[in-house]
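Worksheet for the structure shown next.
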Amino acid sequence: MKIISKILNTLVAIFLVTNIIVVFLINVHFANLGMIKSATNELTPDVKVNDLLIYQKQSTYQENDIIVYAIQNKYSLAKVKSTTEYLTYIKDNTNKEYNPISNADIKGKPIVILNTTHIILYFIIVFACLIYLIINILLGVKEMKKDSKITS
């Protein structure tokens, strides 16, 4: 039983530390990573409202790639229709075309798309791990107090 407990403690600790590191790296745009929440349904069914996208800067983009771009600090999503050396022509899932954007305005391509169910499940797992960790810390403190009374 103690071996299973130690394995579980190690896995929970690795999971929580990894999550802290990943969230930090995304927020400081390490490796050209970023995060955005979708605010529209223009790319449904690929991306829906409130989906969370983790994106990364790419060297090139292909036709129908979903891209994240920013013009005057306003982030948006679109699909690539075509590209030239300096411009990218964009569209939505209904093939409605928009004004071309500068390639310099492209922030990246989503590498992970998390829908609401994924996000809720993720937070349930994180919350359960934190509760497990707190319980183990409290039990450890109780055990230490008990041991100190015995040796006194």
Side-chain angles (χ1 to χ4, degrees), residues 1-81 83 88 90-94 101-152:
M1 187 66 181
K2 285 195 178 225
I3 293 174
I4 293 172
S5 178
K6 285 184 180 185
I7 291 171
L8 191 57
N9 289 347
T10 304
L11 290 175
V12 166
I14 290 170
F15 174 77
L16 291 174
V17 168
T18 303
N19 278 279
I20 291 167
I21 291 170
V22 168
V23 168
F24 172 76
L25 292 177
I26 288 173
N27 284 319
V28 296
H29 297 282
F30 177 79
N32 291 315
L33 289 172
M35 195 170 6
I36 186 174
K37 183 176 127 182
S38 174
T40 66
N41 273 323
E42 292 169 342
L43 296 178
T44 300
D46 300 317
V47 180
K48 299 172 190 74
V49 170
N50 294 327
D51 282 357
L52 188 64
L53 294 87
I54 299 172
Y55 62 88
Q56 184 175 35
K57 184 79 170 173
Q58 309 287 315
S59 56
T60 61
Y61 300 94
Q62 308 298 319
E63 183 179 347
N64 288 323
D65 278 351
I66 296 172
I67 58 168
V68 176
Y69 65 95
I71 298 175
Q72 297 177 344
N73 288 327
K74 183 182 177 212
Y75 283 74
S76 298
L77 300 168
K79 278 193 170 180
V80 174
K81 182 174 189 280
T83 60
T88 296
I90 58 175
K91 63 182 181 174
D92 62 19
N93 266 355
T94 64
I101 59 171
S102 166
N103 290 343
D105 292 331
I106 298 175
K107 299 301 179 189
K109 174 182 173 181
I111 54 175
V112 176
I113 300 173
L114 301 169
N115 65 32
T116 307
T117 305
H118 295 130
I119 296 167
I120 291 170
L121 183 61
Y122 168 78
F123 280 111
I124 289 171
I125 292 169
V126 169
F127 185 72
C129 286
L130 288 172
I131 295 296
Y132 176 81
L133 188 64
I134 291 167
I135 290 171
N136 274 334
I137 290 170
L138 293 175
L139 290 174
V141 168
K142 183 178 177 182
E143 191 69 30
M144 285 173 39
K145 284 182 180 178
K146 186 173 144 184
D147 288 345
S148 69
K149 285 181 182 178
I150 293 172
T151 57
S152 297

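All heavy atoms count here, side chains included; hydrogens, waters and symmetry mates do not. Here, residue 1 is the first one in the sequence, and each next residue gets the next number.
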Distance from [X] atom [atom1] to [Y] atom [atom2], nearest 0.5 Å?
X    : Y    : atom1 : atom2 : answer
H118 : T116 : NE2   : OG1   : 10.0 Å
D105 : Y75  : CG    : OH    : 10.5 Å
M35  : H29  : CE    : NE2   : 9.0 Å
I90  : D65  : CD1   : CG    : 13.5 Å
I101 : S76  : CD1   : OG    : 8.5 Å
K109 : T60  : NZ    : OG1   : 8.5 Å

Discussion item. Using the rule given for side chain to side chain contact (heavy atoms under 4.5 Å, CB included), can you reason through Y61 versus I106, listing the C-alpha separation, both sets of side-chain angles and the distance that settles it, and then say yes or no?
Written reply: CA-CA 10 Å; Y61 300 94; I106 298 175; 3.6 Å; yes

Worksheet entry | Minimum-distance pair of heavy atoms, taken over all atoms of N115 and T117 |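 Scanning both residues, the minimum pair turns out to be OD1-N, 3.0 Å.
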
Discussion item. Minimum heavy-atom separation for Y69 and A78, please, with both atom names.
Written reply: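 Closest approach of Y69 to A78, heavy atoms only: CE2-CB, 3.8 Å.
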
For residues 46-55, which side-chain N or O atoms pair as donor and acceptor with protein atoms under 3.5 Å away, sequence neighbours left out?
{"from": "D46", "atom 1": "OD2", "to": "K79", "atom 2": "NZ", "distance (Å)": "2.8"}
{"from": "D46", "atom 1": "OD2", "to": "N93", "atom 2": "ND2", "distance (Å)": "3.2"}
{"from": "K48", "atom 1": "NZ", "to": "P45", "atom 2": "O", "distance (Å)": "3.3"}
{"from": "N50", "atom 1": "OD1", "to": "K37", "atom 2": "NZ", "distance (Å)": "3.4"}
{"from": "D51", "atom 1": "OD2", "to": "K48", "atom 2": "N", "distance (Å)": "2.9"}

Worksheet entry | Backbone of A31 reached by a side-chain donor or acceptor of K57 within 3.5 Å |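 Between the backbone of A31 and the side chain of K57 there is no qualifying donor-acceptor contact (under 3.5 Å).
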
Item to complete: Classify the side-chain pair N64/K91 by whether it contains a donor and acceptor separated by less than 3.5 Å.
Response: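 Their side chains do contain a donor-acceptor pair, which is all the 3.5 Å distance test asks for.
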
Worksheet entry | Residue pair S38 / L77, side-chain heavy-atom distance below 4.5 Å |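 The answer is yes, as the side chains (C-beta and beyond) meet within the 4.5 Å cut-off.
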
For residues 125-138, which side-chain N or O atoms pair as donor and acceptor with protein atoms under 3.5 Å away, sequence neighbours left out?
{"from": "Y132", "atom 1": "OH", "to": "N9", "atom 2": "OD1", "distance (Å)": "2.6"}
{"from": "Y132", "atom 1": "OH", "to": "N136", "atom 2": "ND2", "distance (Å)": "3.3"}
{"from": "N136", "atom 1": "ND2", "to": "N9", "atom 2": "OD1", "distance (Å)": "2.8"}

Item to complete: Please list, chain by chain and in numerical order, all residues satisfying side-chain contact (heavy atoms from CB on, under 4.5 Å) with T83, sequence neighbours excluded.
Response: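 By the side-chain contact (heavy atoms from CB on, under 4.5 Å) rule, T83 matches V80, T88.
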
